[in-house]
Amino acid sequence: MQQTLERKKIENIDFNIDLAQSFGIYKNSNEYSLLDYASSVNISCGFHAGDPMAIRDALLKAKEKNVVVGAHIGFHDIQGFGYRQMELSEDEIEALVVYQVGALMSFAKTYKLEIEHVRPHGAMYQQAAEDFGFACSIAKAIKKCSQWLVYYGAAGEVTSHVGEYVNLPIAQEVHLEKNYNIDGTIDFSRKDNENIFASINRLKNLLATSQIDNIAGGKTYVEADTIHFSNKVANAQALIKQSKDLITPVPVNYKNAYSSGWVE
């Protein structure tokens, strides 16, 4: 059943991108092309990608551009770049998350930077979007690192309920290229729509109404705190640049402070 909730204009939203998506000789030469248009960055922690020099360079670039820094965590699967599902116990998930987040937090402190959020990658992101128990295990591990870290997850009931259950700040994330089901969840089985015209129209509608077009041809209400821009999308730089022409992105914590009345 299609939702018919009241339209709500979005006044502030975050644009996030991934950095340090390299390892050794395998370099990602396009990721920094998006940095001038983002308000937060997710830096790989060495599991699915990211070696010490790539992480260092990403931290220094983030500091130079004065953008918010977050940890981009994934399964330990460099050959598969973190896109292969893994069945792990809760203890294994906790160790995997704490190891990655803790490493980046320590690395960042050497440059007088603080980590503000954590975003899963690839297969971990999809599993967290669909499996409440798995997402809770990630969130609990994040909270052990710091209760102030924001958990970035796919918009929908799973992420919303995880935040309430674990008592951890969350940011619900949308994608301009993904296909959405009627209930507002991502249909991961469908190929991304990389038409910039369609993506910009989707963003315009999202900002004006907090709704996103779904695979049934209708509109679905979503909570949207941040938009993820992937450099794997065709013409990614043009997409994020045109998006910034529509709204100036702000970090999630600024958005929350604005909503609470602390800033004007």
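Residue indices begin at 1 and follow the sequence shown.
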_Under 4.0 Å between a side-chain nitrogen and a carboxylate oxygen: does that hold for Lys140 and Glu94?_
no
Between the CD1 atom in Ile10 and the CG atom in Asp225, the distance rounded to the nearest 0.5 Å is 8.5 Å
Item to complete: Can you label the angle between the His121 ring and the His48 ring as parallel, tilted or perpendicular, going by 30° and 60°?
Response: parallel
Between Leu168 and Ser146 the two heavy atoms that sit nearest each other are CD1-O, 4.2 Å
Does a side-chain heavy-atom distance below 4.5 Å link Ile215 with Asn181? yes
- Message: Are Gln172 and Val222 packed together at the side-chain level, in the sense that at least one heavy-atom pair is separated by less than 4.5 angstrom?
- Response: no
Closest non-hydrogen atoms of Gly70 and Leu104, given as atom of the first, atom of the second and distance, are O-CD2, 3.5 Å
Flag for Ser89-Asp91: side-chain donor and acceptor within less than 3.5 Å: no
message: Main chain of Phe15, side chain of Ser39: is a donor-acceptor contact present, judged purely on distance under 3.5 Å?
response: yes
task: For Lys178 and Arg190, run side chain to side chain contact (heavy atoms under 4.5 Å, CB included): C-alpha distance rounded to whole Å, both residues' side-chain angles, the deciding distance at 0.1 Å, then the answer.
output: CA-CA 8 Å; Lys178 297 292 184 187; Arg190 293 180 179 241; over 6 Å; no
Do Ile186 and Leu176 share a hydrophobic cluster (ILVMFWY, side-chain heavy atoms under 4.5 Å, transitive)?
yes
Quick check against the 3.5 Å criterion: does Thr159 have a side-chain atom that pairs as donor or acceptor with the backbone of Gly156?
no
Any chance you could lay out the side chain to side chain contact (heavy atoms under 4.5 Å, CB included) test for Ser230 and His228, step after step, and finish with the verdict? CA-CA 6 Å; Ser230 170; His228 179 66; 4.0 Å; yes
To the nearest 0.5 Å, atom OH of Tyr99 lies from atom CZ of Phe47 at 6.0 Å
Cys136 and Tyr165, any side-chain heavy atoms less than 4.5 Å apart: yes
To the nearest 0.5 Å, atom CG of Leu34 lies from atom CG of Leu19 at 8.5 Å
Tell me if a side-chain donor or acceptor on Ser137 pairs with a main-chain N or O of Gly133 at a distance below 3.5 Å.
yes
Looking only at heavy atoms, the pair that brings Ala224 and Leu206 closest together is CB-CD1, 4.2 Å
Do Tyr32 and Asn231 have side-chain N/O donor and acceptor atoms under 3.5 Å apart?
-> no
From the list Tyr180, Tyr125, Phe229, Phe188, ring pair (Phe, Tyr, Trp, His ring centres under 6.0 Å) partner of His175 resolves to Tyr125
query: Should Val67 and Ile55 be regarded as members of a common hydrophobic cluster, given that ILVMFWY residues are connected when their side-chain heavy atoms come within less than 4.5 Å of each other, either directly or indirectly?
result: yes
| said: Let me check something: do Ile170 and Met124 share a hydrophobic cluster, defined by ILVMFWY side-chain heavy atoms less than 4.5 Å apart, either directly or through other members? | reply: yes
Report task. Could you verify whether a donor N or O on one side chain and an acceptor N or O on the other, from Gln211 and Asn205, lie under 3.5 Å apart? Result -> no
Worksheet item: So, the side chain of Ser44 versus the backbone of Gly46: is there a donor-acceptor pair under 3.5 Å, distance only?
Response: no
Q.
Atom CG of residue position Asp245 - does it have more than 12 heavy atoms of other residues, nucleotides or ligands inside 6.0 Å?
A. yes
Between Ser199 and Leu239, the two heavy atoms sitting closest are CB-CD1, 3.7 Å
Check: Do Ile115 and Leu149 come within less than 4.5 Å of each other through their side chains, counting heavy atoms only?
Finding: yes
Heavy-atom side-chain proximity of Leu246 to Leu203 below 4.5 angstrom: yes
Taken to the nearest 0.5 Å, the spacing of Asp192 CG from Asp187 CG works out to 10.5 Å
If we count only N and O atoms by modelled type, under 3.5 Å, do the side chains of Asn214 and Thr220 hold a donor and an acceptor together? yes
Checklist line | Side-chain touch Leu113/Leu59, heavy atoms, less than 4.5 angstrom | finding: yes
| message | Hydrophobic clusters here meaning ILVMFWY residues chained together by side-chain heavy-atom distances under 4.5 Å, can you tell me if Phe75 and Val98 are in one? | response | no
How about Lys144: does its NZ atom have over 12 heavy atoms from other parts shown lying under 6.0 Å from it? no
- Item | Heavy-atom donor-acceptor pair, Lys143 side chain to Ile138 backbone, under 3.5 Å | no
Next on the checklist: Taking Glu114 first and then Lys109, would you say they form a salt bridge - that is, a charged N and a carboxylate O separated by under 4.0 Å?
Outcome noted: yes
Side chain to side chain contact (heavy atoms under 4.5 Å, CB included) filter on Leu60, not counting sequence neighbours, yields Arg56, Tyr111
Which of Gln100, Arg119, His117 passes side-chain hydrogen bond (donor to acceptor under 3.5 Å, both in side chains) with His72? It is Arg119
Run Tyr221 and Thr209 through side chain to side chain contact (heavy atoms under 4.5 Å, CB included) and show every step you take. CA-CA 8 Å; Tyr221 176 85; Thr209 68; over 6 Å; no
Q) Any sub-3.5 Å donor-acceptor pair from Glu194's side-chain atoms to Val233's backbone N or O? A) no
Taking the basic N atoms (NZ, or NE/NH1/NH2) and the acidic carboxylate oxygens, is any pair closer than 4.0 Å for Glu223 and Lys8? yes
- Can you tell if the side chain of Glu116 reaches within under 4.5 Å of the side chain of Val69, non-hydrogen atoms only? no
* Asked: Can you check side-chain hydrogen bond (donor to acceptor under 3.5 Å, both in side chains) on Asn16 and Ser40, steps first, answer last?
  -> CA-CA 5 Å; Asn16 78 79; Ser40 67; 5.1 Å; no
Do Val68 and Ile227 sit in the same hydrophobic cluster, where Ile, Leu, Val, Met, Phe, Trp and Tyr count as joined when their side-chain heavy atoms come under 4.5 Å apart? no
All heavy atoms of Ala154 vs all of Ala129, minimum pair found to be CB-CB, 3.7 Å
(message) Can a donor-acceptor pair be found, under 3.5 Å and without considering hydrogens, that links the side chain of Asn195 to the backbone of Ala198?
(response) yes
Interatomic distance, CD1@Ile73 vs CD1@Ile43, rounded to 0.5 Å, equals 14.0 Å
Could you check if a side-chain atom of Lys61 sits within less than 4.5 angstrom of a side-chain atom of Glu64, using non-hydrogen atoms only?
-> yes
What one should report as the nearest heavy-atom pair of Ala171 and Thr226 is CB-CG2, 4.3 Å
The reported gap from CD in Gln242 to CD1 in Ile240 (rounded to nearest 0.5 angstrom) is 11.5 Å
Does Arg202 use its side chain to pair, donor to acceptor, with the backbone of Asp213 at less than 3.5 Å? yes
**Message:** I'd like to know whether CD of Glu92 has more than 12 heavy-atom contacts from other residues, nucleotides or ligands below 6.0 angstrom.
**Reply:** yes
